[in-house]
Amino acid sequence: MTPVQILNQAQIANLPWEERPAGSSETIWRYSKNPVIPRDLIPSSNSIFNSAVVPFKSEFAGVFRCDDRSRLMLLHRGFSPDGLNWELDPEPLSFECDDPEIAEFVYGYDPRVVWIEDRYYVTWCNSYHGPTIGVAWTKDFETFHQLENAFLPFNRNGVLFPRKINGNFAMLSRPSDSGHTPFGDIFYSESPDLTFWGKHRHVIAPVADSWQATKIGGGPAPIETSEGWLLIYHGVLTSCNGFVYSASVALLDLEKPWKVIARAKPYLISPQTLYECVGDVPNVVFPCAALCDAETGRLAIYYGAADTVTGLAFAYVDELVEFARKNSL
Ligand code: BMA
């Protein structure tokens with residue numbers, strides 16, 4: 001096999017990391033001290049999960065989903081020297097916004113953060129007459145500038161690509177409904193200015209009789225490799241006891257990301273530990289971020305567990321690419 005090259009990624013010398021445990025054959029393995037972020041890290045929180053982290057000033061920063069004790073879904077910023085020990089701002093994030101018509105914050109959840117060209121962009125599930133994709137940018141994690149919502153409601157799981165494609169910003173999203181959506185495919189869209197979105201293309205659909213039979217949604221920002229965009233995404237199965245959220249990988253064409261090169265049939269991580277199976281919403285693993293060290297090909301994946309705490313897991317980029325190819329549908 002030709003070695004997989006990781007493109008347009010920096011080195012992260014202090015990436016949080018543990019080697020695969022001896023005797024394990026897992027392609028994605030969990031941090032031994034999970035959950036990396038407990039549900040009560042700040043006094044107001046009921047739960048801290050589905051959250052996004054990025055390298056920031058030789059350390060790490062992030063935007064975290066914190067549901068508070070009145071069960072309002074809020075976003076908080078946080079900082080960490082090592083990606084393991086986190087300090088979260090006890091005050092929820094507030095956005096600066098030029099247009100009062102979209103500025104009202106009702107709720108926000110499931111953030112993703114990605115560096116594009118000269119700043120960090122945050123996307124999240126934002127309430128505007130129903131869930132849609134909020135977009136904002138920051139350079140310093142102090143001030144966050146809110147832009148137009150990307151799409152009409154209802155939409156969730158907005159995930160920006162880390163570079164422009166065909167000269168445009170590019171985003172994956174999952175059109176949905178107002179409730180606990182029982183369907184959902186991943187679509188691709190482009191925008192010249194982060195205001196007007198179009199060129200919508202279908203990427204992938206759920207797969208009958210599988211861990212991803214009900215609905216699917218993008219996870220961390222796709223990772224650019226010589227083999228294509230490596231997409232980690234979640235899929236949902238409807239069991240007789242409700243939804244079960246697992247995750248796996250697909251490879252998308254670099255210049256036409258709606259063209260699928262490979263897509264793994266099995267999941268790579270599913271709810272199996274106590275903190276993934278037991279919590280406010282049982283049986284959920286929900287990845288929203290992955291730190292990638294271009295030097296070693298190591299990945300540190302942050303995921304929500306049981307809608308309650310944040311888990312950390314590790315993998316190698318080349319092994320994920322190989323898994324997608326060898327196990328492709
Ligand atoms: C989805 C979102 C996620 C959540 C998941 C499982 O619809 O609300 O935030 O993790 O359901 O409850």
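Start at 1 and go down the list; that is how both ligands and their atoms are numbered.
- A cation-pi arrangement is not found for Lys215 relative to Phe183, the charged atom failing to lie both closer than 6.0 Å to the ring centre and inside a 45° cone about the ring normal.
- Residue Tyr121 holds its OH atom at 8.0 Å from CH2 of Trp137, rounded to the nearest 0.5 Å.
- Near ligand 1, heavy-atom contacts under 4.0 Å come from Asn50, Arg65, Tyr109, Asp110, Tyr245, Val281, Val284, Phe286, Asp307.
- Scanning for salt bridge (Lys or Arg N to Asp or Glu O under 4.0 Å) contacts around Arg156 gives an empty result, with sequence neighbours left out.
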Does the pair Arg163 and Glu255 meet the rule for a salt bridge (Lys or Arg N to Asp or Glu O under 4.0 Å), with working shown? CA-CA 11 Å; Arg163 70 161 168 85; Glu255 300 312 317; 3.0 Å; yes
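- Ring pair Tyr316/Trp29 is tilted by interplanar angle, where 30° to 60° counts as tilted.
- In the model, Ser32 has a side-chain atom that pairs as donor or acceptor with a side-chain atom of Glu18 under 3.5 Å.
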